[in-house]
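The model shown is predicted, which means the values in this text are computed figures rather than measured ones. Only this structure's heavy atoms are used, side chains among them; waters, hydrogens and symmetry mates stay out.
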Amino acid sequence: MRVAINVLTICVLFAIGLGTYYIFLHPKERTAYFYNQKVFDQFKGKLELESRLSKEMMRSKEGLDSLRVLIENGRLDLSSAYNEQLQQATTAQQQLSERFTADIWKYINEEV
């Protein structure tokens, strides 16, 4: 009977020790949620991106406006050049935007 009480006491002490270890020493997992689109929209790099894209668009627009004025004044031979430059400007702007956006997402994901 005394042996059974000693074995029971040892099992209880072991269970208490294991429980104490689990509660106090075992690292706890934490989960956090956030709206990544909101983080992206408020990210300083996005504002810089928008500024750079705006400047690029203005430069392209100035050149295209000059060609358009010449076409309107009778230089119809420049219409193909205008259409070509318009397509190139649009493609370049889209590629630049995609590249900067991917870089920003990469940075945000690494930090998170």
Checklist entry - Is any side-chain heavy atom of Thr91 less than 4.5 Å from a side-chain heavy atom of Gln94? => result no

Rounded distance (nearest 0.5 Å) linking atom [atom1] of [X] with atom [atom2] of [Y]:
| X | Y | atom1 | atom2 | answer |
| --- | --- | --- | --- | --- |
| Ile10 | Ile5 | CD1 | CD1 | 12.5 Å |
| Leu70 | Asp77 | CG | CG | 9.0 Å |
| Leu64 | Asn83 | CG | CG | 9.5 Å |
| Thr101 | Lys106 | OG1 | NZ | 14.5 Å |

Checklist entry - So, does Ser97 use its side chain to make a donor-acceptor pair with the main chain of Gln93 at under 3.5 Å? => result no

Checklist entry - Going by the ring pair (Phe, Tyr, Trp, His ring centres under 6.0 Å) test, which pairs reach into residues 68-112, not counting sequence neighbours? => result Phe40-Trp105, Phe43-Tyr107

Checklist entry - Got a sec, which pairs hit side chain to side chain donor-acceptor pair (under 3.5 Å) with one end in residues 58-69, sequence neighbours left out? => result Glu56-Arg59, Lys61-Asp65, Asp65-Arg68, Arg68-Glu72

